[in-house]
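For reference, the structure is listed below as structure tokens.
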Amino acid sequence: MLTDALRETLDVFDDAGRGAPLTTSEVTDAVDVGRRSTYDRLDRLVERGFLETKEVGARGRVWWRPPTATVTTTSERSVEDRSEELLRAVFEHSNDAIFVLDPYADEILDVNDASCELLGYPREELLELGPSDCHPDEQNGSVRSSTASSTVGPGGRTN
């Protein structure tokens with residue numbers, strides 16, 4: 001599942017055309033968030049196989065959408081799309097705060113609107129925090145161990 005922020009970032013590459021390389025600065029300007037947030041988004045998209053990257057010069061980097069390696073049938077795609085739509089609807093319309101976390105990187109990947117309302121933070125500000133910032137009493141690994149027990153397993157199910 002792609003978060004809205006990752007989907008927005010990926011759209012920049014779709015608008016530029018598949019395979020067109022973009023610099024971090026070009027993507028930052030297009031998504032209108034900070035350079036660090038943009039870089040984190042780009043890294044996550046590389047990790048998930050949506051983008052490729054390479055260093056250019058001493059401190060530069062370019063990013064691009066690779067050609068699609070696998071082709072899914074229409075029926076497989078529609079089931080996957082529908083599942084993602086349902087999951088997104090539950091996430092967005094829940095009255096409970098829902099956080100998508102990377103506990104090992106102490107990173108909040110996404111939050112729903114209820115999270116923002118309950119904690120009193122705008123979404124972009126919450127995404128700049130880590131779980132340990134939201135739960136300072138549990139900084140010594142408690143958050144990591146409790147969230148690591150809810151990992152995604154086969155078929156996308158959590159345990």
Side-chain angles (χ1 to χ4, degrees), residues 1-56 59-94 97-113 115-116 123-134 143-159:
M1 177 176 89
L2 286 179
T3 64
D4 288 341
L6 293 180
R7 194 178 316 274
E8 173 192 26
T9 305
L10 203 53
D11 286 345
V12 173
F13 290 89
D14 290 339
D15 293 344
R18 187 172 293 273
L22 297 173
T23 65
T24 307
S25 296
E26 290 171 322
V27 179
T28 299
D29 292 342
V31 295
D32 198 32
V33 297
R35 187 173 175 85
R36 182 176 186 274
S37 294
T38 301
Y39 193 87
D40 290 343
R41 288 181 185 185
L42 292 167
D43 265 349
R44 285 195 298 263
L45 288 167
V46 168
E47 289 170 4
R48 295 176 184 189
F50 290 101
L51 295 179
E52 291 184 10
T53 185
K54 78 174 199 175
E55 290 182 14
V56 178
R59 296 177 49 142
R61 185 165 286 280
V62 292
W63 314 80
W64 68 93
R65 294 268 329 245
T68 312
T70 59
V71 177
T72 57
T73 66
T74 304
S75 61
E76 288 173 336
R77 188 76 219 149
S78 62
V79 169
E80 185 179 315
D81 287 345
R82 183 69 182 139
S83 295
E84 187 172 332
E85 288 171 17
L86 290 171
L87 183 59
R88 175 59 56 186
V90 169
F91 179 80
E92 290 176 354
H93 299 290
S94 175
I98 300 175
F99 288 74
V100 179
L101 304 175
D102 180 344
Y104 299 103
D106 191 38
E107 183 176 9
I108 298 173
L109 303 175
D110 200 7
V111 296
N112 65 349
D113 290 339
S115 301
C116 300
R123 179 182 306 280
E124 287 301 322
E125 198 169 322
L126 263 179
L127 295 177
E128 293 291 323
L129 301 174
S132 62
D133 296 321
C134 296
V143 171
R144 184 177 7 253
S145 64
S146 67
T147 54
S149 66
S150 297
T151 56
V152 177
R157 293 183 175 84
T158 57
N159 57 3

*After noting the C-alpha distance and the side-chain angles of L42 and T53, does the key distance pass the side-chain contact (heavy atoms from CB on, under 4.5 Å) rule?*
CA-CA 9 Å; L42 292 167; T53 185; over 6 Å; no
*Judged by atom type as modelled, is there a donor-acceptor pair below 3.5 Å linking the side chain of D106 to the main-chain atoms of G130?*
no
*Could D40 and R36 be called an ion pair, given the rule that one side-chain N must be under 4.0 Å from one carboxylate O?*
yes
*Where do L22 and V12 come nearest, in terms of heavy atoms and distance?*
CD1-CG1, 3.7 Å
*Given the rule in the side-chain contact (heavy atoms from CB on, under 4.5 Å) test, do R41 and V33 qualify, once you have shown the distances and angles that lead to the verdict?*
CA-CA 10 Å; R41 288 181 185 185; V33 297; 3.6 Å; yes
*Are T9 and R44 side-chain neighbours, meaning at least one heavy-atom pair lies under 4.5 Å?*
no
*Any side-chain heavy atom of L51 sitting closer than 4.5 Å to one from L10?*
yes
*If you take all heavy atoms of T38 and T24, which pair is closest and at what distance?*
CG2-O, 4.2 Å
*Going from CG on D14 to CZ on R7, what distance comes out if it is rounded to the nearest 0.5 angstrom?*
11.0 Å
*For the pair L126 and L129, evaluate side-chain contact (heavy atoms from CB on, under 4.5 Å) and give the outcome as yes or no after the intermediate values.*
CA-CA 5 Å; L126 263 179; L129 301 174; 4.0 Å; yes
_Salt bridge check, R123 against E92: does any charged N sit closer than 4.0 Å to a carboxylate O?_
no
*asked:* Please find the pair of heavy atoms, one from P131 and one from L101, that lie closest to each other, and give the distance.
replied: CG-CD2, 3.7 Å
_For the CG atom of L109 and the CG atom of D102, what is their distance to the nearest 0.5 Å?_
5.5 Å
*Pair listing, ring pair (Phe, Tyr, Trp, His ring centres under 6.0 Å) test, anchored in residues 11-36, at least two apart*: none
*For F50 and W63, run ring pair (Phe, Tyr, Trp, His ring centres under 6.0 Å): C-alpha distance rounded to whole Å, both residues' side-chain angles, the deciding distance at 0.1 Å, then the answer.*
CA-CA 10 Å; F50 290 101; W63 314 80; over 10 Å; no
*Indicate the atoms forming the closest heavy-atom contact of C116 with V111, along with that distance.*
SG-CG2, 3.9 Å
*Do D110 and R88 meet the salt-bridge criterion of a basic N to acidic O distance under 4.0 Å?*
yes
*Around atom CG of D15, are there more than 12 heavy atoms of other residues, nucleotides or ligands at under 6.0 Å?*
yes
*Between OG on residue S132 and CD1 on residue I108, distance to nearest 0.5 Å*: 8.5 Å
*asked:* Once rounded to the nearest 0.5 Å, what's the spacing between atom CD of E124 and atom CG of D32?
replied: 9.5 Å
*Over all atoms of both residues, closest heavy-atom pair of E52 and P66*: OE2-CB, 3.2 Å
